[in-house]
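Working notes, structure below.
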Amino acid sequence: MVMGDLVREVDVVVVGGGPGGYSAAFRCAELGLETVVVDAGKRLGGACLFEGCIPSKALLHVAAVLGEAERAKEFGVDFGPARVSLDPLRKWKSERVIARLARGLVGVARSKGVEVVGGRGVFEDARTVRVEGDEPQALKFRHVIVATGSAPARLRGVEPSERVMDSTAALEVPEVPERLLVVGGGYIGLELGQVYAALGSKVSLVEMTDGLLPGVDRDLVQPLARRCEKLFVNIRLQTKVTGLRETSGGVEVRLGDETLLFDRVLVAVGRRAQTQGLGLETTRVRANERGIIGVDDRCRTDDQRIYAVGDVTGEPMLAHRAMRQGRIAAEAMAGRPVAFDNVAVPAVVFTDPEIAWCGLTEAEAQRTSRPVKVAKFQWAASGRAATLGRSDGLTKILAHPDSGRIVGVGIVGPGAGELIAEAALAIEAALTAEDLAATIHTHPTLSETLMEAAEHLLH
Ligand code: FAD
Ligand code: NAD
């Protein structure tokens with residue numbers, strides 16, 4: 001500590017103001033704990049609000065509007081060629097969407113009495129976080145929550161540049177490149193690949209494994225893969241970038257035996273936990289070789305006073321998981337009997353079509369020899385899907401063969417991300433296929449596909 005630094009004592013310090021950090025801080029304050037959030041950008045929202053979930057979903061909404069306008073030609077409505085102006089688009093995303101939500105979080109923090117300090121938090125010892133930056137001070141805490149999140153992983157030997165973008169840069173939509181290469185066929189590669197394709201880029205995608213979205217149920221991925229084959233000019237599986245060189249004309253990329261030229265490249269090969277330089281070595285907290293902090297079911301680390309939530313605790317790196325963990329950590333340190341005992345962490349890929357799943361997957365059931373009964377309901381038989389011109393969806397339910405308990409659900413199709421909430425509730429509440437089948441679902445809606453799939457399980 002530097003002589004003359006301000007030293008304060010507080011109940012709880014939260015390092016990182018993303019969804020994990022702010023959810024924890026808000027709950028701590030509700031429980032009567034004096035709480036200070038230290039955030040490098042002196043703002044609440046983290047990657048989710050400023051460079052993740054929210055900007056990407058805003059851009060995907062634009063892509064969906066463009067896609068719907070194109071589809072409308074099928075029923076005789078032609079809006080003519082779309083003209084996209086990037087300045088108003090960026091302004092809408094930044095001011096009407098992100099800034100508005102950011103102001104909302106500032107208001108919530110104020111109303112709950114949560115203080116936000118700007119600067120990098122670094123552990124000085126297991127009782128003190130030093131804040132480096134414009135508001136230098138030492139915060140002595142009774143408890144601390146590490147919620148420093150994650151950052152884009154890089155391709156080995158490839159530095160980001162104007163033309164070689166990570167997701168943060170791509171979300172700024174600096175331009176619509178004529179030829180865009182997306183490296184990585186995961187969440188970000190597919191979501192942002194579809195955004196740029198809708199805006200007019202010729203998108204090529206390389207994925208090192210043998211399929212898009214590795215690990216996700218193939219029945220769900222197939223309709224999305226078919227759509228991507230139409231939207232993208234090229235998809236190469238089992239391919240890795242083996243060389244990349246910027247020239248005056250663009251970026252030369254070596255893919256297998258070929259060298260191809262692109263105007264820009266988007267690297268979307270995963271995210272890494274942000275624990276480097278945090279000073280964890282001054283505590284008993286242990287991070288693994290990938291920087292991920294191990295926690296128990298109360299989000300407690302190996303050091304009893306130190307909790308960790310969100311991406312920094314590893315997969316699945318999703319905002320809603322971070323938020324749930326944040327609340328659990330807060331309640332645990334306030335002495336409440338809580339645990340992260342959720343059975344299902346739903347996941348959604350917000351592409352066209354959307355993919356959503358929760359609970360057990362068929363592949364996982366096979367791998368772990370868990371007996372399941374599977375029902376698939378094709379949306380070709382859904383009245384609502386027909387009225388939307390989207391009969392390409394599928395709803396799939398996995399249930400225990402004896403008890404009928406629903407253990408997993410997967411959905412592909414427009415709106416899958418909203419529909420999965422019912423499935424998550426069914427799994428958490430230990431409902432059976434019979435419960436779902438006997439619940440009256442409004443007609444005609446896509447939610448009926450859950451009821452229909454459940455009915456199949458009864459026969
Ligand atoms: P973060 O949101 O990463 O926040 C960490 C905060 O800590 C940041 O503000 C950072 O500046 C700060 N920080 C880091 N180190 C320090 C330090 N030493 N001192 C002080 N402050 C520090 N998830 C979904 O669930 N749905 C989606 O649709 C979705 N879309 C995404 C799209 C993209 C393009 C990306 C990149 C991610 C997306 N995610 C999505 C993932 C989601 O953004 C993360 O899971 C979520 O933000 C994790 O929250 P967190 O609180 O753990 O950390
Ligand atoms: P990801 O793990 O989803 O996908 C990365 C992909 O890149 C994988 O398919 C992987 O096989 C591939 N890959 C890795 N190295 C490669 C290489 N050298 N060459 C070619 N392919 C390579 O990661 P992401 O898309 O970067 O997203 C990061 C995380 O952010 C996600 O895992 C998710 O947790 C979160 N996220 C969530 C959402 C959402 O919830 N809708 C959206 C975006 C991001």
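In listed order, ligands and their atoms are each counted from 1. In this chain, residues are counted from 1 in sequence order. Worth saying up front: this structure is predicted, and the values here are computed from it rather than measured.
In terms of N/O distances under 3.5 Å, ligand 1 is not approached by Gly41. In terms of polar-atom proximity, defined here as any N/O pair under 3.5 Å, Glu207 does make such a contact with ligand 2. Considering backbone and side-chain N/O atoms, Cys48 comes within less than 3.5 Å of an N/O atom of ligand 1. Checked by distance only, ligand 1 and His320 come closer than 3.5 Å through their nitrogen or oxygen atoms. Residue Lys57 places at least one N or O, backbone or side chain, under 3.5 Å from an N or O of ligand 1. The distance criterion of under 3.5 Å between nitrogen or oxygen atoms is not met by Leu318 with respect to ligand 2. Considering backbone and side-chain atoms alike, Tyr187 places an N or O below 3.5 Å from some N or O of ligand 2. The N/O atoms of Ala319, backbone and side chain alike, include one that comes under 3.5 Å of an N/O atom in ligand 1. The shortest N or O to N or O distance between Met317 and ligand 2 is under 3.5 Å. For ligand 1, the polar-atom distance check finds no N/O of Gly310 at less than 3.5 Å from any of the ligand's N/O atoms. In terms of polar-atom proximity, Ala40 is counted as a contact of ligand 1, with an N or O under 3.5 Å from an N or O of the ligand. In terms of polar-atom proximity, defined here as any N/O pair under 3.5 Å, Arg43 makes no such contact with ligand 1. Looking at Met317 next to ligand 1, an N or O pair under 3.5 Å apart turns up. An N or O contact shorter than 3.5 Å links Gly20 to ligand 1 by distance. Residue-to-ligand polar distances keep Pro316 apart from ligand 2: every N/O pair is separated by 3.5 Å or more. The N/O atoms of Val349, backbone and side chain alike, include none that comes under 3.5 Å of an N/O atom in ligand 2.
When hydrogens are left out, the protein atom nearest atom 53 (O) of ligand 1 is Gly149 CA, 3.2 Å; that is the closest non-hydrogen contact. For atom 7 (O) of ligand 2, the nearest protein heavy atom (residue, atom name, distance) is Gly184 CA, 3.3 Å. From the protein, the heavy atom lying nearest to atom 12 (C) of ligand 1 is Asp39 OD1, 3.3 Å. Taking atom 2 (O) of ligand 1 as the reference point, the nearest protein heavy-atom neighbour is Ala47 N, 2.9 Å. What sits closest to atom 7 (O) of ligand 1 on the protein, heavy atoms only, is Gly16 CA, 3.2 Å. Protein heavy atom in closest approach to atom 20 (C) of ligand 2: Met208 N, 3.4 Å. Scanning all protein heavy atoms for the shortest distance to atom 4 (O) of ligand 2 gives Gly186 CA, 3.2 Å. If you check which protein heavy atom lies closest to atom 32 (C) of ligand 1, you get Gly52 C, 3.3 Å. What sits closest to atom 29 (C) of ligand 1 on the protein, heavy atoms only, is Cys53 SG, 3.3 Å. For atom 19 (N) of ligand 1, the closest non-hydrogen atom on the protein side is Gly121 N, 2.8 Å. At the top of the distance list for atom 36 (C) of ligand 1, counting protein heavy atoms only, stands Arg271 NH1, 3.2 Å.
When Val269, Leu213, Thr239 are checked for heavy-atom proximity to atom 17 (C) of ligand 2, Val269 turns out nearest. Comparing heavy-atom distances from atom 43 (C) of ligand 2 across Ile355, Asp311, Ile188 singles out Ile188 as nearest. Of the candidates Val158, Thr242, Val183, Val183 brings a heavy atom nearest to atom 19 (N) of ligand 2. The residue from Ala268, Cys48, Pro214 that puts a heavy atom closest to atom 5 (C) of ligand 2 is Ala268. With atom 46 (C) of ligand 1 as the reference point, the heavy atom nearest to it among Ala347, Gly18, Pro19 is part of Pro19. Nearest to atom 45 (O) of ligand 1 by heavy-atom distance, out of Asp311, Val349, Val14, is Asp311.
The shortest separation from a heavy atom of Gly277 to ligand 1 is not under 4.0 Å, leaving the residue out of contact.
If you number the atoms of ligand 2 from 1 as listed, the ones under 4.0 Å from a heavy atom of Phe350 come out as 41 (N). Using a 4.0 Å cut-off to heavy atoms of Phe350, the atoms of ligand 1 that qualify are 28 (O). The contact set between ligand 1 and Leu278, taken as ligand atoms under 4.0 Å from a residue heavy atom, comprises 18 (N). For ligand 2, the atoms lying closer than 4.0 Å to a non-hydrogen atom of Gly270 are 5 (C), 23 (O), 24 (P), 26 (O). Counting the atoms of ligand 1 from 1 in the order shown, those under 4.0 Å from a heavy atom of Gly119 are 19 (N), 20 (C). Interface atoms of ligand 1 facing Glu51, defined by a heavy-atom separation under 4.0 Å, are 34 (C), 36 (C). Close contacts of ligand 1 with Ala147, meaning ligand atoms under 4.0 Å from a residue heavy atom, involve 5 (C), 6 (C), 7 (O). Interface of Arg271 with ligand 2, defined as ligand atoms under 4.0 Å from a residue heavy atom, comprises 28 (C), 29 (C), 30 (O). Atoms of ligand 2 found under 4.0 Å from any heavy atom of Leu155, numbered from 1 in the order shown, are 18 (N). If you number the atoms of ligand 2 from 1 as listed, the ones under 4.0 Å from a heavy atom of Thr209 come out as 11 (O). Less than 4.0 angstrom separates some heavy atom of Val348 from each of these atoms of ligand 2: 39 (C), 40 (O), 41 (N).
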| query | Given the rule in the side-chain hydrogen bond (donor to acceptor under 3.5 Å, both in side chains) test, do Thr259 and Arg254 qualify, once you have shown the distances and angles that lead to the verdict? | reply | CA-CA 4 Å; Thr259 300; Arg254 186 113 188 109; 2.7 Å; yes
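Between Ser161 and Glu246, the side chains place a donor N or O and an acceptor N or O closer than 3.5 Å (distance only, hydrogens not considered).
Ionic pairing of Lys42 and Glu135 is present here: one or more N-O contacts between side-chain nitrogen and carboxylate oxygen are shorter than 4.0 angstrom. Using a cutoff of 4.0 Å between basic side-chain nitrogens and carboxylate oxygens, Lys140 and Glu9 are not scored as salt-bridged.
Contact annotation: for Arg321 versus ligand 1, there are no heavy atoms closer than 4.0 Å. Neither the backbone nor the side chain of Tyr187 has a heavy atom within less than 4.0 Å of ligand 1. With a heavy-atom cut-off of 4.0 Å, Lys57 touches ligand 2 through its side chain alone. When non-hydrogen atoms are compared, ligand 1 lies under 4.0 Å from neither the backbone nor the side chain of Pro152. Neither the backbone nor the side chain of Val122 comes within contact range of ligand 1; no heavy atom lies under 4.0 Å. By the criterion of a heavy-atom distance under 4.0 Å, the side chain of Gln274, and not its backbone, is placed next to ligand 1. Contacts between Thr148 and ligand 1 below 4.0 angstrom, taking non-hydrogen atoms only, involve backbone and side chain alike. Residue Leu192 does not touch ligand 1, judged by heavy-atom distances below 4.0 Å.
Using cut-offs of 30° and 60° for the angle between ring planes, the His61 and Trp92 rings count as tilted. Using cut-offs of 30° and 60° on the angle between ring planes, the pair Tyr187 and Trp357 is tilted.
By the 4.5 Å heavy-atom criterion applied to side chains, Pro160 and Met165 are not counted as neighbours.
A cation-pi arrangement is present between Arg43 and Phe50, with the terminal nitrogen or guanidinium carbon under 6.0 Å from the aromatic centre and inside a 45° cone about the axis.
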